[in-house]
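Take a look at the structure below.
Order of appearance sets the numbers: ligands from 1, and atoms from 1 within every ligand.
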Amino acid sequence: MSTENLADRLGRIDDYVAHLFRSDDPALAEALAGMEENNLRRINISPNGGRLLYLLTRIAGARRVLEIGTLGGYSALWFARAVAPEGRVITLEADPRHARVARASIDRTELAGNVEVRSGDALGTMDAMIEGGEAPFDVIFIDANKDGYPRYLEAALQLSRPGTLILADNVIRDGEVIHPAAGEAEQRAVHQFNARLAEDPRLEAIILPTIGRGFVDGIALARVRPPS
Ligand code: SAH
Ligand code: DHB
Ligand code: MG
């Protein structure tokens, strides 16, 4: 057994996989550069996470993707690559500055026509989408404020069809979600979200552990079942 500590070993393994499957897509580099220039927090999905989203979207044969939480557009561009040239990504962002940075980065790429950034609180936008008959989506990715996850799941189900793939980032948070304390609203909400994924008869799901910067996180995968 290695004497290297676990965090270092995980980091090295994640780097190995990232290097093996690295992408030279200038669109993704644009998004990261745009985030850097505008001092956005680097809480985008990792390169390995992005490739996972991309592959799952390809496997699902998706044409319509909904993302909750845009930031600088990095994950949105992974989805756009997966659905191009015909498909469409709608990504929801509450912070108008983030939405502007993402739009500008996306507009510098060939994928500009495949992505729509909608500003505003995601739950309100999702309600309007349900009312406006914009369902169904083939893939829905939840990655905004963690205390909203249970409500985003309910809205996502209303924007789904049987077979829709619902994904969510940050569902482990180094194990903090397992036994959250009373005051930890985000951890408690994600704990509840995970329990619902496991229990809801409309879904079949699993959580894949992922490697963050020095900690373990997770991505949830759920498939919407046909009505029984
Ligand atoms: N998916 C992005 C990262 C998203 S970070 C990527 O991997 O590249 C989370 C984003 O959710 C932030 O930009 C934050 O402003 C946004 N957000 C937070 N609360 C929100 C809300 N209520 N509605 C929509 N977006 C929200
Ligand atoms: C945070 C949000 C994320 O979506 C993420 O992947 C990592 C961190 C955060 O709000 O701290
Ligand atoms: Mg995230």
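No salt bridge links R22 with D25; every basic N to acidic carboxylate O contact stays at or beyond 4.0 Å. Salt bridge status for R225 with E204: present, with a side-chain N to carboxylate O gap under 4.0 Å. Checked for salt-bridge contact, R161 and D138 meet the test: a charged N lies under 4.0 Å from a carboxylate O. A salt bridge links R118 and E134; the closest N-O separation between the charged side-chain nitrogens and carboxylate oxygens is under 4.0 Å. Remark: D95 does not engage R97 in a salt bridge, criterion side-chain N to carboxylate O under 4.0 Å.
Shown in contact with D121 at under 4.0 Å from a heavy atom are these atoms of ligand 1, numbered in order with element: 21 (C), 22 (N), 23 (N). Set against the non-hydrogen atoms of Y152, the atoms of ligand 1 under 4.0 Å away are 21 (C), 22 (N), 23 (N). Contact atoms of ligand 1 toward E67: 1 (N) (distance under 4.0 Å to a heavy atom of the residue). Close approach of ligand 1 to N44 (heavy-atom distance below 4.0 Å) involves ligand atoms 6 (C), 7 (O), 8 (O). Near H98, meaning under 4.0 Å from one of its heavy atoms, ligand 1 places the atoms 12 (C), 13 (O), 15 (O). Residue contact check: I45 has heavy atoms under 4.0 Å from atoms 6 (C), 7 (O) of ligand 1.
The shortest separation from a heavy atom of R41 to ligand 1 is not under 4.0 Å, leaving the residue out of contact. Note on ligand 1: W78 sits outside its first shell, no heavy atom being nearer than 4.0 Å.
Ranking the protein heavy atoms by distance from atom 12 (C) of ligand 1 puts E93 OE1, 3.5 Å first. At the top of the distance list for atom 20 (C) of ligand 1, counting protein heavy atoms only, stands N145 OD1, 3.4 Å. For atom 5 (S) of ligand 1, the nearest non-hydrogen atom of the protein is I43 CD1, 3.7 Å. Closest to atom 17 (N) of ligand 1, if we only count protein heavy atoms, is A144 CB, 3.9 Å. Atom 23 (N) of ligand 1 has A122 N, 2.9 Å as its closest protein atom, hydrogens excluded (heavy atom only). The single protein non-hydrogen atom nearest to atom 3 (C) of ligand 1 is D143 OD2, 3.3 Å, given as residue, atom name and distance. Among protein heavy atoms, atom 25 (N) of ligand 1 sits closest to A94 N, 3.1 Å.
Among L197, N194, I219, L208, the single residue meeting the side-chain contact (heavy atoms from CB on, under 4.5 Å) criterion with V171 is N194.
For R151, the CZ atom counts as loosely surrounded, since its 6.0 Å shell holds 12 or fewer non-hydrogen atoms of other residues, nucleotides or ligands.
Put simply, the side chain of T70 gets close to the backbone of L92: a donor and an acceptor are under 3.5 Å apart.
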Quick one: ligand 2 N/O to protein N/O pairs below 3.5 Å?
{"from": "ligand 2", "atom 1": "4 (O)", "to": "D143", "atom 2": "OD1", "distance (Å)": "2.8"}
{"from": "ligand 2", "atom 1": "4 (O)", "to": "K146", "atom 2": "NZ", "distance (Å)": "3.0"}
{"from": "ligand 2", "atom 1": "4 (O)", "to": "N170", "atom 2": "OD1", "distance (Å)": "2.8"}
{"from": "ligand 2", "atom 1": "6 (O)", "to": "I43", "atom 2": "O", "distance (Å)": "3.3"}
{"from": "ligand 2", "atom 1": "6 (O)", "to": "D169", "atom 2": "OD2", "distance (Å)": "3.1"}
{"from": "ligand 2", "atom 1": "6 (O)", "to": "N170", "atom 2": "OD1", "distance (Å)": "2.9"}
{"from": "ligand 2", "atom 1": "6 (O)", "to": "N170", "atom 2": "ND2", "distance (Å)": "2.8"}
{"from": "ligand 2", "atom 1": "11 (O)", "to": "R41", "atom 2": "NH2", "distance (Å)": "3.0"}

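The closest side-chain heavy-atom distance from D143 to Y149 is below 4.5 Å. No side-chain heavy atom of L66 sits under 4.5 Å from any side-chain heavy atom of V89. Looking at heavy atoms from C-beta onward, W78 lies in side-chain contact with L28 at the 4.5 angstrom threshold. The side-chain heavy atoms of H191 and H179, taken from C-beta on, include no pair separated by under 4.5 Å.
Shown here are the protein N/O/S atoms lying under 2.8 Å from the Mg ion (ligand 3), water excluded: D143 OD1, D169 OD2, N170 OD1.
Separation of atoms CD (E154) and CE (M126) is listed at 10.5 Å; rounding is to 0.5 Å.
Across R103 and E116, no two heavy atoms sit closer than the pair NH1-CA, 3.9 Å. Residue E30 comes nearest to S105 through the heavy atom pair O-OG, 3.6 Å, listed as atom of the first residue, atom of the second, then distance.
Among S46, G69, S75, the residue whose heavy atom sits closest to atom 8 (O) of ligand 1 is S75.
By the criterion of a heavy-atom distance under 4.0 Å, the backbone of T70, and not its side chain, is placed next to ligand 1.
Relative to the ring axis of Y54, R81 places its NZ or CZ within 45° and under 6.0 Å from the centre.
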Step by step, work out the side-chain contact (heavy atoms from CB on, under 4.5 Å) result for E176 and E184. CA-CA 9 Å; E176 289 170 14; E184 296 170 345; 5.6 Å; no

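Taken together through direct or relayed side-chain contacts under 4.5 Å among Ile, Leu, Val, Met, Phe, Trp and Tyr, V117 and L123 form parts of separate hydrophobic clusters.
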